[in-house]
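Step one of this worksheet: look at the structure below.
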Amino acid sequence: TGYLYLFGKMNDDYFIDILLLFLCIVIAFSNVIAMEYQRGAWYLLCATKKGKRKIIFMKSVVCILAVVILLVILISFRFFKISSTYPMHGFDFGITDIPCYQTLSISVPIWLFIVIFVLSQMLLLILATCSVLLISYWRKNQIQTIFFALLILVVFKIV
């Protein structure tokens with residue numbers, strides 16, 4: 001039962017957690033690149049094109065690392081919360097031993113499925129972070145970045 005809660009098959013609040021984390025990404029990183037353009041800081045920094053690229057790259061790396069750390073914290077707290085209430089015995093049995101995953105054609109160990117699950121969520125949030133940073137670079141305005149990022153979220157939710 002614990003694995004069903006962990007993967008969001010029962011009491012699907014994991015989707016809400018990821019949605020809130022995405023909203024935090026949009027709000028927190030919408031001003032990362034746009035800030036220098038809005039405030040005119042590029043002129044104070046006297047940055048060349050190569051220097052601007054390096055600054056933007058380092059900001060992107062910091063944002064991606066922050067998202068990865070937040071996701072690891074979120075999943076680890078979720079895992080400990082669920083495992084303290086529901087049984088999650090053993091990581092060496094196959095994923096097809098869980099009733100809702102019996103239709104999978106390949107039986108991978110549960111630990112590998114958890115790793116794939118975490119990596120897929122990590123990739124999703126890294127793509128969301130990169131898209132927010134790209135929109136911030138494109139629009140060069142924090143409010144417009146928030147608007148377009150939330151518009152993308154709504155479009156993907158409808159589709």
Side-chain angles (χ1 to χ4, degrees), residues 1-39 41 52-91 95 98-101 103-104 106 108-159:
T1 313
Y3 292 115
L4 297 178
Y5 281 103
L6 182 66
F7 298 133
K9 293 294 181 179
M10 294 177 70
N11 193 12
D12 193 16
D13 58 345
Y14 186 70
F15 175 74
I16 294 169
D17 292 343
I18 293 293
L19 182 67
L20 289 174
L21 192 56
F22 181 76
L23 288 174
C24 288
I25 289 169
V26 169
I27 293 170
F29 301 146
S30 62
N31 199 24
V32 168
I33 296 175
M35 137 175 57
E36 280 86 5
Y37 290 103
Q38 282 184 292
R39 308 284 186 250
K52 284 182 185 180
R53 275 187 260 141
K54 187 175 180 181
I55 290 170
I56 290 171
F57 176 75
M58 292 308 292
K59 284 183 170 191
S60 301
V61 168
V62 169
C63 292
I64 289 171
L65 286 175
V67 166
V68 168
I69 291 169
L70 283 174
L71 182 68
V72 168
I73 290 170
L74 174 76
I75 290 177
S76 61
F77 282 154
R78 182 174 171 82
F79 179 78
F80 289 124
K81 180 181 133 190
I82 292 171
S83 65
S84 68
T85 308
Y86 298 103
M88 296 175 75
H89 303 292
F91 292 104
I95 191 66
I98 299 174
C100 66
Y101 293 109
T103 58
L104 288 177
I106 230 173
V108 296
I110 192 72
W111 64 267
L112 182 61
F113 192 77
I114 291 172
V115 168
I116 292 170
F117 178 74
V118 170
L119 289 178
S120 68
Q121 299 302 312
M122 204 173 289
L123 179 66
L124 174 76
L125 290 176
I126 288 172
L127 287 174
T129 303
C130 290
S131 67
V132 168
L133 292 174
L134 283 173
I135 293 170
S136 178
Y137 180 74
W138 171 53
R139 298 309 305 165
K140 296 174 179 58
N141 187 322
Q142 181 183 13
I143 302 299
Q144 291 179 7
T145 302
I146 291 172
F147 173 75
F148 282 113
L150 293 178
L151 183 67
I152 289 172
L153 174 68
V154 168
V155 168
F156 280 124
K157 179 62 179 156
I158 291 173
V159 174

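A quick note: this is a predicted structure, and the numbers were derived from the prediction, not measured. Any value given below was found using the heavy atoms of this structure, including those in side chains, with hydrogens, waters and symmetry copies removed.
Every side-chain contact (heavy atoms from CB on, under 4.5 Å) that Ser30 has, sequence neighbours left out, goes to Gln142, Thr145, Ile146. In terms of the ring pair (Phe, Tyr, Trp, His ring centres under 6.0 Å) criterion, residue partners of Phe113 (sequence neighbours excluded) are, by chain and number, Phe7, Tyr101. Residues satisfying the ring pair (Phe, Tyr, Trp, His ring centres under 6.0 Å) criterion with Trp111, sequence neighbours excluded, are absent altogether. Considering only residues two or more places apart in sequence or on other chains, Asn31 meets the side-chain hydrogen bond (donor to acceptor under 3.5 Å, both in side chains) condition with none of them. Every side-chain contact (heavy atoms from CB on, under 4.5 Å) that Phe57 has, sequence neighbours left out, goes to Val61.
Heavy atoms only, all atoms of each residue included: Ser136 and Ala34 are closest at OG-N, 3.0 Å.
Within the structure, every pair that satisfies the ring-ring contact (aromatic ring centres under 6.0 Å, His included) test and touches residues 118-154, not counting sequence neighbours, is listed here: Trp138-Phe148. Contacts classified as salt bridge (Lys or Arg N to Asp or Glu O under 4.0 Å) and involving residues 54-71 (residues at least two apart or in different chains) are given here: Glu36-Lys59.
Taking the side chain as every heavy atom from C-beta outward, Val62 and Val32 never approach each other to under 4.5 Å. Met122 has its side chain within reach of Val72: a pair of non-hydrogen atoms, C-beta onward, lies under 4.5 Å apart.
One distance of note links CZ of Phe29 with OG of Ser131; it measures 11.5 Å at 0.5 Å rounding. Going from atom CG of Leu71 over to atom CG of Leu123 covers 11.0 Å, rounded to the nearest 0.5 Å. Here Thr129 contributes atom OG1 and Leu134 contributes atom CG; the two are 11.0 Å apart, rounded to the nearest 0.5 Å.
One N or O on the side chain of Ser60 and one on the backbone of Ile56 form a donor-acceptor pair closer than 3.5 Å.
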Donor-acceptor pairs are to be reported for all side-chain atoms of residues 63-70 against protein atoms at under 3.5 Å, with residues two or more places apart or in another chain.
none

